[in-house]
Amino acid sequence: MSYVIAVRALCEFTARRGDLDTRFTPAPSGQEGIAGHQAVVAGRPAGYEAEIALEGVYGVADAGDAGGGPNEKHPADSQILLRVRGRADGYDPVRHRLEEIKTRRGSADRVPDNQRAVHWAQAMVYGHLLCRARSFDDIEIALVYFDLGSQEETVLTRACTAVELAAFFADQCERFLAWGRQEAVHRAARDDALRAMPFPQAAFRPGQRELAAAIYRVARDGRPLLAQAPTGIGKTLGSLFPMLKAMPAAPLDRVFFLCAKTAGRQAALDAVGRVRAAAPLLPLRTLELAAREQSCVYPGRNCDGEDCPLARGFYDRLPAARAAAAAEPVLDRPALGAIAAAHGICPYYLGQEMARWCDVVIGDYNYYYDYNALLHGLTLGAQWRVGVLVDEAHNLVERARGMYSGQLPAARLALARRAAPKALRKPLDALRRAWRASLRDRAGEGYRVYEALPAALTTALQRAASALADHFAEPAPAIEDDLLAFYFDLLRFLRLAEDHGPHAIFDAMPAGRGPGETPMEATPRPDERPPRGRAESLDTLSVRNVIPAPYLAPRFAAAHATVLFSATLGPAHFYRDTLGLPADCPWVDVPGPFQADQLEIHLVDRVSTRYRDREASIAPIVALMARAYERQSGNYLCFSSSFDYLARLADRLALAYPDIPAWRQASGMDPKARGEFLARFVADGKGIGFAVLGGAFGEGVDLPGSRLIGAFIVTLGLPQMNPVNEEMMRRMQARFGQGYDYTYLYPGLRKVVQAAGRVIRSEADRGSVYLIDDRYRRKEVRRLLPAWWAV
């Protein structure tokens, strides 16, 4: 039996000691790390070797070959071989030196001792593997710290013999051996149990078998899949079960179940519970990853041993906590919290650690798709074969745009300037002047788009970032929240600006105005225009991602198989193009259990809900709602395009029909208020709830049976026409030739179908949907509605 582990994972397991400490300056992004490595390598002599793939084996049976010694105390260890592999950063044949390169911000003197111990361990393991591969008797080992700000190297060296390095390697492997044996046994037992695992229901629901079969095939064969499957067939279980079933055949190391919302995480945990109930002996470790804010025991404190007791000695107490956590089949938030409390460590970082050792990891999209995402980083570092399930995948386009967009508000620069020590005011003032001068040519025009970030402004931004990096690299920097917040925003903005291209927009927005506050359909009054002058020259700068494909495509490529599924995932070419999936990525449209006679569709195509027609539309729409309610009283949802439109409709209903109970969604509702809104939808209840299309109640809400019998959708759902969306449309047109459809029509109709899906939740439900807008009579609109609707 063998167990494969990456060099970095081995050393982090064996060499970490002491406190958890996140006080230090932000870690470089993956791209910055690559750039730092390239800068170091570029300065090396001819013949320098970079990225050397190395592998070694350790075990009792061949310990001599691996450079270790026999272990008579643990004869059972002969049953497992550790295969340790990775890529050494570089070998300099001139100096006969193996180099481990670490890109960072700030002086190498600030690297904590516990981090440096891990770095030395990695370098020495790589040194042993290189000596073994090339029969070297000795070698120089070097840690090379490259400071991104100063572009300077700090080189620390050790002269080592091959015998010394072999002994060090054997010691690291011995420390890991018991855990590695446990993991190898766990993996073998897991795969055996998964092969025999039954489907946890007596029978598949209609459509569920088709979905499961399609997912199993791509998971086994290593392909992506777009799966459109209607609500009511059990998509969560129907996707998780085949991915688990494929784990031994693929083979897969891990399954990631990624969700857009917290409710999705709970649905995935419930599906795992059903799988375990059907196969109680299945040794499947499942982890729920939650945000730090949801897990923190001491909010407001720094994550370091001086401020937080759960960070003090974290790595010294981690082994016992890790062993306890590995014995638990399901590590949801309560379970992680209980184990962390028992061992006196941070539950959030215990969860981060257990992501390395769990078979199924459930979390938000950002854990795999964001910059420096934990699960993506582990996948690359450990060279895992992973299966990724993306729940409610229609949300990934907008969520990914947010992940790869950044803003620099002028107000934040002003706050940073006030908080800055005297030494920082000069570069911040220079930035302010460059900001004003670079954008002055079009000042007073309101929203403005630039083809590229002006060179002078780029230089000023980079110099400010470098000055801030030097400040925070001081041994005991003064941490001002406003200054640190601006620094983080600045780093993110620069990182995105470096990648600027046709997939993104660089723009300036007048201070205090959002992109949708002046619709294109309305003509702003002269007094609505932002004033000229100093404030106008310091607008909010943005790099807005329009097409996430360049960022997401490598994430799809890193996974063995990715399945994106949703009830609204069409047309397929829109998602292939915007997300960066291969052109031949298969798409399945799973038939659902619903019949046309379950849902009455009423096309109300004599009313316009366009911005200019809204005032005239209110009276006929309210009269229509009242007639429908009088014909069949019960609970209804009315979806409109904005809170303003919602308020006008609700006010008119209350005035004209005071006997009809009504309640409305408010802007910025907290979880308690959202719960109270939904609680009004009781079985056999009567009334109309008003909500915004695409908001909290437009999807992911389950109101079965008589809790909801109908919906009025008072809009086509199109995003508002404003300067930002119009610029997005131009980019989509240039890239895909379907600018209007990709920017407005497809996203709009997706929200409509999602909202209508709140009405029919099971095969027993009956209800009605009123589609209110004259544009619903258009063929190009109606063809995007579900095929089973009788439209």
Side-chain angles (χ1 to χ4, degrees), residues 194 197 199-200 207-229 231 233-276 284-289 330 355 358-370 373-376 378-379 384-397 399-400 552 555-569 575 579 581 585-588 590 700:
L194 287 173
M197 177 180 65
F199 187 63
Q208 200 176 35
R209 180 183 291 276
E210 291 86 340
L211 175 64
I215 291 175
Y216 179 82
R217 286 192 294 269
V218 298
R220 178 197 60 197
D221 300 338
R223 299 188 67 192
L225 174 70
L226 287 165
Q228 181 167 272
T231 298
I233 71 167
K235 291 194 296 294
T236 304
L237 182 61
S239 59
L240 181 63
F241 174 79
M243 188 65 81
L244 293 176
K245 200 70 175 172
M247 287 187 84
L252 298 177
D253 297 298
R254 304 287 188 272
V255 169
F256 302 149
F257 194 104
L258 306 178
C259 312
K261 299 178 181 178
T262 302
R265 297 208 311 260
Q266 188 55 56
L269 288 168
D270 291 344
V272 170
R274 299 185 69 179
V275 168
R276 295 191 59 81
L284 187 76
R285 295 186 196 138
T286 301
L287 170 69
E288 177 191 12
L289 287 174
V330 178
C358 287
D359 307 297
V360 178
V361 182
I362 300 168
D364 190 88
Y365 294 163
N366 67 284
Y367 281 108
Y368 189 79
Y369 291 114
D370 205 348
L374 171 71
L375 297 179
H376 179 251
L378 290 175
T379 297
W384 285 339
R385 287 165 68 92
V386 300
V388 181
L389 294 166
V390 185
D391 186 25
E392 301 295 343
H394 60 271
N395 289 298
L396 186 57
V397 176
R399 286 289 306 277
L552 299 189
R555 307 299 170 107
F556 296 134
H560 176 72
T562 301
V563 177
L564 302 99
F565 60 97
S566 168
T568 51
L569 207 56
Y575 291 98
L579 295 177
L581 291 160
C585 173
W587 184 80
V588 295
V590 179

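What you see below is based on every heavy atom in this structure, not just the backbone, and it leaves out hydrogens, waters and symmetry mates. All values derive from a computational prediction rather than experimental measurement.
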Determine, stepwise, if the pair Q266 / T262 fulfils side-chain contact (heavy atoms from CB on, under 4.5 Å). CA-CA 7 Å; Q266 188 55 56; T262 302; over 6 Å; no

Decide yes or no on ring pair (Phe, Tyr, Trp, His ring centres under 6.0 Å) for Y369 and F556, but give the supporting numbers first. CA-CA 9 Å; Y369 291 114; F556 296 134; 5.7 Å; yes

Using 0.5 Å steps for rounding, measure from the [atom1] atom of [X] to the [atom2] atom of [Y].
| X | Y | atom1 | atom2 | value |
| --- | --- | --- | --- | --- |
| Q228 | K235 | CD | NZ | 10.0 Å |
| N395 | T568 | CG | OG1 | 8.0 Å |
| F257 | L289 | CZ | CG | 14.0 Å |
| R385 | M247 | CZ | CE | 11.5 Å |
| Y216 | K245 | OH | NZ | 8.0 Å |
| D359 | L284 | CG | CG | 5.0 Å |

Exercise: identify the closest heavy-atom pair between [X] and [Y]:
| X | Y | answer |
| --- | --- | --- |
| A559 | V388 | CB-CG2, 3.8 Å |
| A219 | A561 | CA-CB, 3.7 Å |
| L581 | P224 | CD2-CB, 4.0 Å |
| A271 | T236 | CB-CG2, 3.8 Å |
| A355 | L378 | CB-CD1, 4.0 Å |
| I215 | G238 | CD1-O, 4.0 Å |

Matching residue for D364 among R265, R399, K261 - test: side-chain hydrogen bond (donor to acceptor under 3.5 Å, both in side chains):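 Testing D364 for a side-chain hydrogen bond (donor to acceptor under 3.5 Å, both in side chains) against R265, R399, K261 leaves exactly one candidate, R399.
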
Walk me through it: do V588 and E210 pass the test side-chain contact (heavy atoms from CB on, under 4.5 Å)? CA-CA 9 Å; V588 295; E210 291 86 340; over 6 Å; no

Any side-chain heavy-atom pair of [X] and [Y] under 4.5 Å:
| X | Y | answer |
| --- | --- | --- |
| L237 | V275 | yes |
| T286 | R276 | no |
| E392 | Y365 | yes |
| T379 | F256 | yes |
| H560 | W384 | no |
| L564 | L579 | yes |
| V360 | L244 | yes |
| Q208 | L211 | no |

Would the distance check show the side chain of R254 and the main-chain N or O of C358 forming a donor-acceptor pair, the cut-off being under 3.5 Å?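 Yes: the side chain of R254 pairs with the backbone of C358.
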
Under the side-chain contact (heavy atoms from CB on, under 4.5 Å) criterion, do L552 and L396 qualify, and how do the steps go? CA-CA 10 Å; L552 299 189; L396 186 57; 4.2 Å; yes

My understanding is that only residues two or more places apart in sequence, or in another chain, count here; which of them pass salt bridge (Lys or Arg N to Asp or Glu O under 4.0 Å) with R274?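 Applying salt bridge (Lys or Arg N to Asp or Glu O under 4.0 Å) to R274 gives none.
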
What class does the angle between the rings of F241 and F199 fall in, given that below 30° is parallel, 30 to 60° is tilted and above 60° is perpendicular? perpendicular

Apply side-chain contact (heavy atoms from CB on, under 4.5 Å) to the pair M243 and L252, showing each step before the final yes or no. CA-CA 9 Å; M243 188 65 81; L252 298 177; 3.8 Å; yes

